[in-house]
> 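The structure that follows is given in the form of structure tokens.
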Amino acid sequence: MLDHLIRRATVVDGTGGPAYTADVGIRGGRIVVVAEPGAVTEEAVTSEDADGLVLAPGFVDPHTHYDAQLFWDPYATPSMNHGVTTVAGGNCGFTLAPLHPDRPEDADYTRRMMSRVEGMALKALEEGVDWTWSTFREYLDALEGRIAVNAGFMVGHCALRRHVMGADAVGGQPTPAQLDAMLALFHDAMDAGAWGLSTTQSSTHSDGDGEPVASRHARPEELLALSRAVGEHEGTQLEAIVAGCLDQFSDEEIDLFVDMTAAAGRPLNWNVLTIDAAVPERVPRQLIPSERARRAGGRIVALTMPILTPMNMSLGTFCALNLIPGWGEILALPVPERIERLRDAGTRAEMLRRADSKEAGVFRRLANFGRYVIGDTYSAANEGLSGRVVNDIAAERGQDAFHCLVEICAADDLRTVLWPMPTDNDPDSWALRQRTWEHEDVMLGGSDAGAHLDRMCGAPYTTRFLGDCLRGRKLVPLPAAVKMLTDDPARLFGLRERGRIEEGFHADLVLFDPERIDAGPATLVHDLPGDSPRLDSKAIGIVSVRVNGVETLRDDKVTGAVPGTVLRSGRDTRTVSTA
């Protein structure tokens, strides 16, 4: 007897092939039959009529930071609401394990680092996670049997360094004995099922003390030793971030990426490839590592988002504005001093010059302050300004845009929420995206879901992209779009029997209404431990989500089931050839 039968669904199976109408039967967590409508005679415990609905494989998000959130939110919301059934975590060099058992202060250091570098609420990290593990295996085991999505995790380079070197991990170099200890610790994590190594060399990544995170101090020989270790395990990967990921790679960064993937003999992915027709030289430059890697026996994949993810800003709390050269020291001042500096015309002029300079890289996109929209405000002086564009307010007041923005924020003691309008929402940029997505070493993803919780909400990229493909710009046909969200990332990670609707595959499925599929606007909610805030977005048109055959979501409401599994390298992944 079947556990469940989905009848007369429009099946888009993840292969990129044409849609077809079929009945799909599930038993024991697997797809056991895909047949013409009416051809399935076996009885089923439950069934449903999916006439007019699309049945697709569950979406695979290749870049998340759900490492902590899954402890208090096993449903990985809002990703699961938007059809995601498998998430890749442990990215950018940051993981919650291993932790040294004799140094309880390391957990506090890790919490503060994650709060600073990945925008996770410190209260949520303190109250929502029990921090009882030491080894990476114990961390994975702590999640097993209690999550609603499938989740795989890289090992963070920062945690490896901290475990072996202690406080010297920031600023120091490992001795030969320490490097050997780091490799032994890494092999132990890999034996437990970690997916591979993640690391960062990015200048934007600082710890809770404002110091460069541990992996930023690693020299190439350390990175290559760890990369070679990755290649000793089945079904493994590399994920790496360098400063050039944000704009354009330096020659040294290209050399490093190519050397790492070649040493490992494993794919390396990075994020995020920003596509903007105003900077036409960026995409060709960012794909040079991929071209060179293929010649060297490796593979490098660039992740890019198929939507424009809104990100709010503030002059009061840490955000992307702090990363503009010369801005960090001003925005780190106590609020009264910060307001005084910001109100100084000379200071503002210098800040604007730095924000619009070449050294600002991709952050130049934030420099057009007249195109900011005012979000939440908190003072009587700002009543009625929410939703208005700064340029319009500045014209009424006879001020330049940045001066106007500063005065609005100062009236709220810098608590004002700011929404910059995207600069790359033009037809040429979308045409460039469409062409870039066709490249064999470009893959959709990079949501950062689980991180930067009160600043951005990238999780809805799946539903918003599909809605755009069906009813918006229609840049990609639906079968190709589904493949980009399912089979492509599943194949990159070597997931066994996931990413397609095929007999014998795991029944990770999403059923949606093609007439309605979309994502609602991002709204601020206070549902994290400690009443901490985050941005959420409702899924529209998602009828059902199944993970390993069990329904986890129906009409945007979680069912309470937790059928997800911790995906472990080797057992659940196979080695992906870089040849």
Side-chain angles (χ1 to χ4, degrees), residues 1-7 9 24-33 43-50 53-61 64 66-89 128-130 140-153 449-450 459-460 462-463 485-486 490 495-499 501 504-513 527-529 536-568 571-572:
M1 178 176 284
L2 298 173
D3 295 330
H4 188 67
L5 178 62
I6 302 170
R7 292 181 282 106
V24 177
I26 302 166
R27 182 171 55 240
R30 300 265 183 169
I31 299 166
V32 295
V33 60
E43 292 187 6
V45 177
T46 58
S47 65
E48 64 184 305
D49 187 349
L53 301 178
V54 171
L55 184 67
F59 308 138
V60 179
D61 190 333
T64 78
Y66 278 125
D67 307 55
Q69 185 175 324
L70 284 170
F71 283 98
W72 66 77
D73 172 21
Y75 314 107
T77 61
S79 289
M80 192 180 76
N81 303 67
H82 293 270
V84 172
T85 57
T86 297
V87 299
V129 183
D130 59 18
L140 295 181
D141 289 347
L143 287 171
E144 194 70 81
R146 57 180 291 177
I147 55 177
V149 295
N150 306 308
F153 298 90
T462 53
T463 51
L485 298 175
T486 59
L495 298 183
R496 297 181 186 270
E497 292 86 45
R498 297 188 193 274
I501 295 178
F505 272 49
H506 297 275
D508 297 338
L509 300 167
V510 55
L511 188 65
F512 65 86
D513 182 349
D527 64 353
L528 299 181
D536 191 16
S537 170
K538 295 296 183 183
I540 300 169
I542 295 285
V543 175
S544 174
V545 175
R546 289 181 180 271
V547 178
N548 298 312
V550 178
E551 190 168 62
T552 57
L553 187 104
R554 171 67 65 166
D555 296 327
D556 206 36
K557 291 184 172 57
V558 298
T559 65
V562 287
T565 188
V566 175
L567 299 176
R568 305 193 189 225
R571 185 193 71 184
D572 299 303

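Computed from a predicted structure; not experimentally measured.
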> Asp513 versus Leu53: any side-chain heavy-atom pair under 4.5 Å?
yes
> Do you know the tightest heavy-atom contact between Tyr66 and Ala459?
OH-CB, 4.4 Å
> As an exercise, state the distance from CD1 of Ile6 to CD1 of Ile26, rounded to the nearest 0.5 Å.
4.5 Å
> What distance separates Thr463 OG1 from Phe512 CZ, expressed to the nearest 0.5 Å?
10.0 Å
> Specify the closest pair of heavy atoms between Met1 and Val45, including all atoms of both residues, with the distance to one decimal.
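That closest heavy-atom pairing would be SD-CG2, 3.6 Å.
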> Run the numbers on Ile147 and Val566 for side chain to side chain contact (heavy atoms under 4.5 Å, CB included), then give the verdict.
CA-CA 8 Å; Ile147 55 177; Val566 175; 4.1 Å; yes
> Does Phe153 have any ring-ring contact (aromatic ring centres under 6.0 Å, His included) partners at least two apart in sequence or in another chain, and if so, which?
Tyr139
> Locate the shortest heavy-atom distance separating Ala44 from Leu5; write the atom from each residue and the value.
CB-CB, 3.9 Å
> Check the pair Thr77 / Asp527 against side chain to side chain contact (heavy atoms under 4.5 Å, CB included), numbers first and verdict last.
CA-CA 11 Å; Thr77 61; Asp527 64 353; 5.6 Å; no
> Are any side-chain N or O atoms of His506 and backbone N or O atoms of Asn548, one a donor and one an acceptor, separated by less than 3.5 Å?
no
> Using only atom types and a distance under 3.5 Å, with no angle test, would you say the side chain of Arg30 pairs donor to acceptor with the backbone of Gly504?
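Yes, because the side chain of Arg30 sits within donor-acceptor range (under 3.5 Å) of the backbone of Gly504.
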> Is it true that the side chains of His82 and Thr462 contain a donor and an acceptor less than 3.5 Å apart?
no
> State the CZ-OG1 distance between Arg546 and Thr552, to the nearest 0.5 angstrom.
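Nearest 0.5 Å value for the CZ-OG1 distance: 9.0 Å.
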> Please name the pair of heavy atoms, one in Gly58 and one in Thr85, separated by the smallest distance, quoted to 0.1 Å.
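Looks like CA-OG1, 3.3 Å.
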> Begin with the C-alpha distance, continue with both residues' side-chain angles, and end with the deciding distance and a verdict on side chain to side chain contact (heavy atoms under 4.5 Å, CB included) for Val558 and Leu553.
CA-CA 4 Å; Val558 298; Leu553 187 104; 4.0 Å; yes
> Can you measure from CG (Leu2) to CD (Glu43) and round to the nearest 0.5 angstrom?
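Atom-to-atom, Leu2:CG and Glu43:CD are 9.5 Å apart.
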> Checking Glu48 side chain against His4 main chain: does a donor-acceptor pair fall under 3.5 Å?
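A pair under 3.5 Å: no.
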> Show your working on side chain to side chain contact (heavy atoms under 4.5 Å, CB included) between Asp555 and Val543 and close with a plain yes or no.
CA-CA 5 Å; Asp555 296 327; Val543 175; 4.1 Å; yes
> Quick one: does any side-chain atom of Thr486 pair with a main-chain N or O of Phe59 as donor and acceptor, under 3.5 Å?
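No, the answer is negative, given that no donor and acceptor are paired below the 3.5 Å cut-off.
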> Measure the spacing between CG of Asn81 and CG of Asp536 and express it to the nearest 0.5 Å.
7.0 Å
> How far apart are the closest heavy atoms of Tyr75 and Ala148, and which atoms are they?
CD2-CB, 3.5 Å
> Whether the side chain of Asp508 engages the backbone of Pro57 through a donor-acceptor N/O pair (distance < 3.5 Å, no angle test) should be reported.
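No; judged by distance alone, with no hydrogens or angles, the pair does not exist.
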> Going by side-chain contact (heavy atoms from CB on, under 4.5 Å), name the residues that satisfy it together with Val129, two or more places apart in sequence or in a different chain.
Ala68, Phe71, Trp72, Trp131, Trp133
> May I ask you to check whether Thr559 and Glu551 show a side-chain donor-acceptor distance below 3.5 Å?
no
> Is Asp3 reaching over with its side chain to a backbone N or O of Gly28, donor-acceptor style, under 3.5 angstrom?
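Checked: pair present.
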> To the nearest 0.5 Å, what is the distance between CD1 on Ile501 and CG on Leu55?
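Here the rounded value is 4.0 Å.
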> Does any non-hydrogen side-chain atom of Asp556 lie less than 4.5 Å from one of Ile542?
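The answer is no, as the side chains (C-beta and beyond) never meet within the 4.5 Å cut-off.
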> Which pair of non-hydrogen atoms, one from Leu70 and one from Ala151, has the smallest distance, and what is that distance?
CD1-CB, 4.1 Å
> Given side chains that start at C-beta, do those of Leu567 and Arg498 come closer than 4.5 Å, heavy atoms only?
yes
